[in-house]
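For the single chain, residues carry numbers from 1 onward in sequence order. In listed order, ligands and their atoms are each counted from 1.
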Amino acid sequence: MIVAPDEAAIARAAAALAQGDLVVMPTETVYGLACDATNPSAVSRVFEAKGRPRFNPLIAHVADLAAADREARLPGPAQVLAEALWPGPLTLVAPRRAEALTCELACAGLDTIALRAPAHPVARALIAAFGKPIAAPSANRSGRISPTRAAHAEEELGAVVALILDGGPSERGVESTIVGFGADAEPVLLRPGAIARDEIEALVGPLHAPRPGDVSAPGMLSSHYAPRARLRLNAGAPRDGEAYLAFGPQAPAGVLNLSKPGDLVEAAANLYAHLRALDALGAAVIAVAPIPEAGLGEAINDRLARAAAPR
Ligand code: TXA
Ligand code: MG
């Protein structure tokens, strides 16, 4: 059911969405489980397929700022970010318009909506062909590792989708950065992700942590992104019987390395595929080398902490 994303396949995928079916859509961050965001029964099937709690809203994927503006009232800083960073791996959370096309179920009944214009050419082609917002969580069973290859999406959800568009390995490898806006429209970092904090702060000033009563991302559960194996973090070396995920030039040869040169962009791109590969070896524990917190390290360490959290 994995298909090359030629024009005919994009047309088939758009027709499937229009019928209320689910398709897997590649994006530059991770593969998404796509449905018609305006169709509550299609959205309901996404929650069902993932085993996702209904309180956890989905991101609506749109072509551009103009399409986002039809769904949400975007505060000034949101528009600045969208103009600079869309299409790209940035999700903006803003008050939902009453006349939004995206259905309330996709937003889990909240009065806000999460919007993103992805950069991947196949995602863009599908959004253009479909002509309406596409709701798409990562194409994994709830709580598990996000897929960064078409084959990984097939393992997770192949049985429930009409087709899987193969867009190659996801270039970024971690999910989009999610930014919301507080009472004075000051930006709040809801999820670190593929766009590093510095890049956003250079445009709109300091990113705040969510405070009680602020917007929050209901999906940021403490256990998430988890392989079958347990994770042991900040491990200088593996112990007997452990699989090892290395980082940087000091690591022993012959072990799986997130990035031999110590490049955090490369490490993010490899993170989920390497965790899947090590998990497939069947070790009870995957030991993971320390990852610096700078740049994309913030997102990588966030995912590793959730993958290591008690389940
Ligand atoms: O890179 C990505 O963002 C990928 C690709 C497929 O676009 N999608 C993705 O979706 O990571 P998902 O469903 O795995 O994560 C979406 C996150 C969840 O933590 C959810 O709680 C949050 O976005 N979210 C969605 N709507 C929200 C809202 N109205 N307010 C706050 N958080 C929201
Ligand atoms: Mg996810």
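- At least one heavy atom of His61 sits closer than 4.0 Å to an atom of ligand 1.
- Polar contact with ligand 1: present for Asn56 (N/O pair, distance under 3.5 Å).
- Annotation for ligand 1: atoms under 4.0 Å from non-hydrogen atoms of Ala136 are 6 (C), 8 (N), 10 (O).
- In the vicinity of Thr29, heavy-atom distances shorter than 4.0 Å reach the ligand 1 atoms 1 (O), 2 (C), 4 (C), 5 (C).
- In this structure, Asp166 contributes its side chain and Ile2 its backbone to no donor-acceptor pair below 3.5 Å.
- Ligand 1 is approached by Arg52 to a heavy-atom distance shorter than 4.0 Å.
- Both the backbone and the side chain of Ser138 come within 4.0 Å of ligand 1, judged by heavy-atom distances.
- Around CD of Glu266, the count of heavy atoms belonging to other residues, nucleotides or ligands within 6.0 Å exceeds 12.
- Annotation: cation-pi geometry not satisfied between Arg306 and Tyr225 (NZ/CZ under 6.0 angstrom from ring centroid, within 45° of ring axis).
- When the options Gly180, Pro57, Ser170 are ranked by their closest heavy atom to atom 26 (N) of ligand 1, first place goes to Pro57.
- A salt bridge between Arg144 and Glu156 is present, with a side-chain N of the basic residue lying under 4.0 Å from a carboxylate O of the acidic one.
- Among the backbone and side-chain atoms of Ser138, an N/O/S atom is found under 2.8 Å from the Mg ion (ligand 2).
- With a 4.0 Å heavy-atom cut-off, ligand 1 is reached by no atom of Arg96.
- For Arg276 and Thr148, the side-chain atoms include no donor-acceptor pair closer than 3.5 Å.
- Taking 4.0 Å as the cut-off between side-chain N and carboxylate O, Glu104 and Arg54 do not count as a salt-bridged pair.
- Contact check on Asp69 versus Arg97 returns a salt bridge, with a Lys/Arg side-chain nitrogen under 4.0 Å from an Asp/Glu carboxylate oxygen.
- Residue contact check: Glu175 has heavy atoms under 4.0 Å from atoms 1 (O), 2 (C), 11 (O) of ligand 1.
- Ser176 and Arg191 share a donor-acceptor pair across their side chains, judged by distance under 3.5 Å alone.
- Against a heavy-atom cut-off of under 4.0 Å, Gly32 is close to the following atoms of ligand 1: 6 (C).
- Contact analysis leaves Pro89 out of contact with ligand 1, as no non-hydrogen atom separation drops below 4.0 angstrom.
- Within ligand 1, the atoms closer than 4.0 Å to a non-hydrogen atom of Ser176 are 1 (O), 2 (C), 3 (O), numbered from 1 in the order shown.
- For atom 23 (O) of ligand 1, the choice among Asn140, Ile178, Leu33, Leu58 with the nearest heavy atom turns out to be Ile178.
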Give the C-alpha distance, both sets of side-chain angles, the deciding distance and a yes or no for side-chain hydrogen bond (donor to acceptor under 3.5 Å, both in side chains) between Glu175 and Thr29. CA-CA 5 Å; Glu175 293 81 356; Thr29 57; over 6 Å; no
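- With a 4.0 Å cut-off on non-hydrogen atoms, Thr112 touches ligand 1 through its backbone as well as its side chain.
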